[in-house]
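Input: a single structure, listed below in structure tokens.
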There are 2 protein chains.
Amino acid sequence: MTLNVRAEILLKTLIERYIADGQPVGSRTLARQAGLELSSATVRNVMADLEEMGMVRAPHTSAGRVPTELGYRVFVDTLLKIKPLNTSEVQKLEHELLSNQDPQQLIENTSQLLSEICKLTGIVMAPRREEQLAFRHIDFVSLSDRRILVILVTQNGQVHNRILQAEREYSSSELTQAANYFNETYSGSSMTDVRRALLHEIQQDSEDMQRIMKLAVSMARAAIDPDDETKAKTDDLVVSGESNLIDIPELGDMRKLRKLFDAFTTKRDLLQLLDQSMRAGGVKIFIGSESGCEALADCSLVTAPYTVDGRIVGTLGVIGPTRMAYEQVISMVDITARLLSSALSAGNRLESSGR
Amino acid sequence: MTLNVRAEILLKTLIERYIADGQPVGSRTLARQAGLELSSATVRNVMADLEEMGMVRAPHTSAGRVPTELGYRVFVDTLLKIKPLNTSEVQKLEHELLSNQDPQQLIENTSQLLSEICKLTGIVMAPRREEQLAFRHIDFVSLSDRRILVILVTQNGQVHNRILQAEREYSSSELTQAANYFNETYSGSSMTDVRRALLHEIQQDSEDMQRIMKLAVSMARAAIDPDDETKAKTDDLVVSGESNLIDIPELGDMRKLRKLFDAFTTKRDLLQLLDQSMRAGGVKIFIGSESGCEALADCSLVTAPYTVDGRIVGTLGVIGPTRMAYEQVISMVDITARLLSSALSAGNRLESSGR
DNA sequence: CTTGGCACTCTATCTCAGAGAGTGCTAAAG
DNA sequence: CTTTAGCACTCTCTGAGATAGAGTGCCAAG
């Protein structure tokens, strides 16, 4: 299944042409376009070979050829040359992402920028593995009755809040005192350490304090543990620019479109995919059924992990039709992941890393 | 333009039939369906009258009649009898909405429930006019450099947070001290009072404190003033179940669908509409072009304001095709608004109010 | 191995005719 | 004056050819 040079050039030309205008490409067009001095008949012979190898197929006898998933695969793996992004767009990106903003806002902006520039759907998975993130600040606010609002801030400035039902009412001074104690004692420690220390303290402290400790522990778990709360699960993924997919002719089928949008709402499958692509460093591409997700049948997903202080903490990417402009999208995703990494890391230094 | 009883019955029957199956209704069908002992010829005469009055129209010469916007208007204003909701659905609603949750979460759940039960798109505008809401708690957390995270909790438990750039670095004890002072002094006062008091204090306090005060003031404005921040504007509206609109045949046109989804993303027009319907108490219905919003051309919007402790603070509603099951949707929106009101009000008592 | 030529296939589009649905009008009946 | 039956008319929808166009596969010659 190795291709000779000519077949490669023709496949590449065919895919580029098909990506550009969405029409099956005939031998005549291809012969002219490819820049090789070949007749259409010769091209037809090559196409027959490519078809046998499963790289292209003909929608019907008298149509031209379109790439198959395998064809795209070969294209992105070996034929495609990354197109550097338009400089002004890079600058826009830098400007938008490297300005001061809180992490949640930053994640949302990133997703939106991805979608706007690619004219597709952008997705960003919020940082995971915050277990290892340091605790910075906690606060308890008494609401009505026994409801206590717990606000927890992690090292990167992300704010989590949740309401807990207490067993008795607490005065605000009690709560303030507890919060101050926490902040003085544990600020800067890692979440896991805080949790461990709390569990230890519970066993020897006064009864009143115990209760608050317990609250804090359960709060810490709720805010941090991704498996503990559905809220955390779905809030972890930001999807933007869904409507960009409506125009796309391949998805013109309402059923497909519906499935896709439902997947955006559910988020479960997407999160799983992104989680999966988090392990591999660098840009990763799922073409059509490769994603294993039915809703993404005619779509491709281009992802890249991003880091905080060198450690991979999340993934971002772009979803579009299988027939998408991979060259631009890949570099877009790549650069965005890097910019987001430096925006999230202390000091805003731009990291360099291979794709 | 007054209708006699027979015309009313026929119009009502026609619209109900059309809502049910989306096909133009012919005189034969209508004569049988209406329960009046009339021939199709008589019905045809009435239809000609209704057409002249602009209540119905025929897509073409030999099709039946479909309602016009005016027809729908008359229908919802005078002909429709509200259908009480399925009891089990009401219970589900009550159960979901009256359980303890923080306001933001509650708003999102409400929107989702609206969309799920109506199988349309649910929208909820987050509480406005929080100027009048009492201040409950503030907190300052120092992030890197001079960035200070300000967390502000309003009386209803809503958490706002924002990052501010300070002129110098503050130690955490300074910040804690400032926060404690704030919370002790102002907790329970109205936002406007807090702001006023702060402005006053600034003029006599020490210089260090001044700076923090200023921060707090600007924070308070940023978190509260709806015109001050774009974030506040767009975060104010929660839209759910957009994908329910994909299946709807009237919106099968990709252009229309695209416009609609873009409107959901932009939110501006929707917010304006909801704001407008906030003034009128009770359920309000915008049919087709009545909304004045191009994207909603073939849609209707059913809204109802909700209250906190008796004061109207926001609006919620449902967006669907003009041909929607108004009876169910109206009562759904009505009951949801009431349930949300009591869920947001202290003590969770169910209020009664006319529609 | 490449190329020109040719028969063949499949789609897309147009037209045409017939069936079906529903109307408007008229004239007669209540 | 209202209602009804009857009838001609209009419009859409569907399926059947017919035709043009695009592109292929294969063969035989270069």
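Chain A is the first sequence line, chain B the second, and so forth, proteins listed ahead of strands; every chain is numbered from 1. Keep in mind that what you see is a predicted model, and the values were worked out from it rather than measured.
Separating the CD atom of B/Glu37 from the C1' atom of C/dG30 is a distance of 16 Å, rounded to the nearest angstrom. In this structure, the CG atom of B/Leu50 is 12 Å from the P atom of C/dT23, given to the nearest Å. If you take CG of A/Asp49 and P of C/dC1, they are 11 Å apart, rounded to a whole angstrom. Taking atom CG on A/Leu10 and atom P on C/dT2, their separation rounds to 11 Å, with Å as the unit. The interatomic distance linking A/Arg28 (CZ) with D/dG21 (P) rounds to 14 Å, in whole Å. If you take OH of A/Tyr18 and C1' of D/dG23, they are 16 Å apart, rounded to a whole angstrom. If you take CZ of B/Arg32 and P of D/dT4, they are 15 Å apart, rounded to a whole angstrom. Nucleotide D/dC13 holds its P atom 10 Å from the CD atom of B/Gln23, rounded to whole Å.
One finds no side-chain N or O of B/Arg44 lying less than 4.0 angstrom from the OP1 or OP2 phosphate oxygen of C/dC25. Contact check, A/Thr61 against C/dC8: no side-chain N or O comes under 4.0 Å of OP1 or OP2. In terms of phosphate contacts, B/Arg65 brings a side-chain nitrogen or oxygen within less than 4.0 Å of OP1 or OP2 of C/dT23. For D/dT3, the OP1/OP2 oxygens have no side-chain nitrogen or oxygen of B/Ser39 closer than 4.0 Å.
Across the interface with DNA chain C, nearest-nucleotide mapping of B/Ala63 and B/Asn45 shows B/Ala63 to be the residue nearer the 5′ end. Heavy-atom distances to DNA chain D give each of A/Thr29 and A/Ala41 a nearest nucleotide, and the one nearer the 5′ end belongs to A/Thr29.
Which of D/dG21, C/dT23, D/dC11 sits closest to the side chain of A/Ser62 comes down to D/dG21.
Here B/Thr42 lies in heavy-atom contact (under 4.0 Å) with a base.
The 12-atom threshold is exceeded at CZ of B/Arg258, counting heavy atoms of other residues, nucleotides or ligands nearer than 6.0 Å.
With sequence neighbours left out, the ring-ring contact (aromatic ring centres under 6.0 Å, His included) criterion links A/Phe261 to A/Phe264, B/Phe261.
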**Study point:** Stepwise salt bridge (Lys or Arg N to Asp or Glu O under 4.0 Å) test for A/Glu290 and A/Lys284
**Key:** CA-CA 11 Å; A/Glu290 288 176 6; A/Lys284 197 159 161 50; over 6 Å; no

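Using modelled atom types and a 3.5 Å distance limit, the side chains of B/Ser243 and A/Asp262 yield a donor-acceptor pair.
Looking only at distances, no side-chain donor or acceptor of B/Ser240 sits under 3.5 Å from a matching main-chain atom of B/Ser115.
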